[in-house]
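Atoms within each ligand, like the ligands themselves, are counted from 1 in listed order. When reading the values below, keep in mind they use all heavy atoms of this one structure, side chains included, and skip hydrogens, waters and symmetry mates.
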Amino acid sequence: MYRLHHADCFEWLRACPAESIQAVCTDPPYGVLEFTGKEVSKLRAGRGGVWRLPPTIGGSKRDPLPRFTVLTEAQKKQLARFFGEWGRLLLPVLVPGAHVCVAGNPALQHLVQGAMAEAGFEVRTAIMRLYYSFRGGDRPKNAEREFPEVCVTAKGSYEPWMLFRKPISERTVAENLRRWKTGGLRRLSLDKPLPDVIPSGRTPDREEAIADHPCLKPQHFMRILVRAMLPLGEGVVLDPFMGSGSTLAAAEAVGYESVGVELDETYFEQAKASIPRLAALYPRFIGDEMEMEANLPTAPVQGDEQLSMLLAEAPAAYADGQGTVRNRTRVSEVLS
Ligand SMILES: C[S@@+](CC[C@H](N)C(=O)[O-])C[C@H]1O[C@@H](n2cnc3c(N)ncnc32)[C@H](O)[C@@H]1O
């Protein structure tokens, strides 16, 4: 069950009843300006501004990405103020012990963590979403031949999802769990805690075909994360920057109640249509394991060039916690 609100989440949070939400999972506009009316117009026009088009690979068109390196010092301060105010408005709306998971960027996450800590949250950890990224790894611009052995920054292959908690009100986590049903995270299973590294992939084409949002997150990752946010599986998950609704779709698939807020009318309308369709994908996958068998390819593979390039970049193997090293990167995930 879910409720959607077409609103500015700052206004919405001001009017929200105290202690009414048990968890937050969200992918905010952490460059702050990329979802302002001006920048969204440039994105929709396909040119200029903070959005850039990544290189085409094997003839396949890529989604635009926000270019955070263009943020000035003043904009970084604005970003910290944005999260400071957001955190202060969010805190009273949450029950004690509620977890808040926020998608970030390695170069900006310290600003968000500092602002959230000042707003009264505990900084717990960050969950790494491993995926193929276009971030970093380049040689110095216009001097590539002069410095062939140099990369300006490390090649990126993770997205940090910062984890915060509203301080518990009881003496122990156990007492907080009994009173508020929050304070901890839900394990994958009895013998597997939630790991802080989750092999992911880029959002599959079949999901992007349903929801045309430049920041649509994959259901595989979102279901694992959203499920973990309610330790006893009870309560409401909020996404205040819902976009086209991947968090709410994940909550639906997992069987949780959720609330979404979105400012942009186009994305809001898209979310209404996309959530049930995204939630209906992979009906056997409810985020309680790392593998997603249902994501195996259903159509013949095309684009060998793209495949070999992406596989070469993809994380190779992960221990499954029982001593077995297995390749977790599904061909379908890197391809689709
Ligand atoms: C990074 S996107 C989220 C995309 C989402 N993860 C998905 O899968 O579709 C952030 C969203 O926050 C929205 N947004 C920006 N400022 C907002 C605000 N003040 N209140 C509510 N939504 C806002 C933007 O329009 C954008 O759709």
Could you list the donor-acceptor pairs under 3.5 angstrom formed by side chains in residues 120-127, with sequence neighbours left out?
| unit_1 | atom_1 | unit_2 | atom_2 | d |
| --- | --- | --- | --- | --- |
| E122 | OE1 | R165 | NE | 2.7 |
| E122 | OE1 | R165 | NH2 | 3.2 |

Which of the atoms in ligand 1, numbered in the order shown and given with their element, are less than 4.0 Å from a heavy-atom of A7?
-> 20 (N), 21 (C)
Is any side-chain N of the basic residue among E73 and K76 closer than 4.0 Å to the acidic one's carboxylate O?
-> yes
With heavy atoms under 4.0 Å as the rule, classify the contact between Y267 and ligand 1 as side chain, backbone, both or neither.
-> side chain
Out of D212, D27, T203, whose heavy atom sits nearest atom 1 (C) of ligand 1?
-> D27
Contact check, M242 vs ligand 1, heavy-atom distance below 4.0 Å = yes
Sub-4.0 Å atoms of ligand 1 with respect to non-hydrogen atoms of D8 = 18 (C), 19 (N), 20 (N)
For residues D288 and S189, is any side-chain donor paired with an opposing acceptor at under 3.5 Å?
-> no
Closest heavy-atom contact between S20 and Q22?
-> O-OE1, 3.9 Å
Element-labelled atoms of ligand 1 that are located less than 4.0 Å from some non-hydrogen atom of P29 = 15 (C), 16 (N)
Within a distance under 4.0 Å of any heavy atom of D264, pick out the atoms of ligand 1 and give their elements.
-> 25 (O)
Residue part near ligand 1, for A271, under 4.0 Å between non-hydrogen atoms | neither
Atoms in ligand 1 with a heavy atom of P240 nearer than 4.0 Å | 21 (C), 22 (N)
Backbone or side-chain N or O of C9 under 3.5 Å from ligand 1 N or O = yes
Check the angle between the aromatic planes of F241 and W86 and answer parallel, tilted or perpendicular using the 30° and 60° thresholds.
-> tilted
Can I get a per-line list of side-chain donor-acceptor pairs under 3.5 Å for residues 248-256, giving both atom names and the distance, sequence neighbours left out?
| unit_1 | atom_1 | unit_2 | atom_2 | d |
| --- | --- | --- | --- | --- |
| E252 | OE2 | M1 | N | 2.7 |
| Y256 | OH | R186 | NH1 | 2.8 |
| Y256 | OH | R227 | O | 2.7 |

Has E118 got more than 12 heavy atoms of other residues, nucleotides or ligands less than 6.0 Å from its CD?
-> no
S246 heavy atoms within 4.0 Å reach ligand 1 at atoms 6 (N), 7 (C), 8 (O)
Counting heavy atoms only, which part of A103 comes closer than 4.0 Å to ligand 1: side chain, backbone, both or neither?
-> neither
Between E269 and K272, is the closest basic N to carboxylate O distance under 4.0 Å?
-> yes
Using a strict cut-off of less than 4.0 Å between a Lys/Arg side-chain nitrogen and an Asp/Glu carboxylate oxygen, indicate whether E159 and K217 qualify as a salt bridge.
-> yes
For G245, the ligand 1 atoms with a heavy-atom partner under 4.0 Å come out as 9 (O)
Provide the number and element of each atom of ligand 1 under 4.0 Å from a heavy atom of C215.
-> 1 (C), 4 (C), 5 (C), 6 (N), 7 (C), 8 (O)
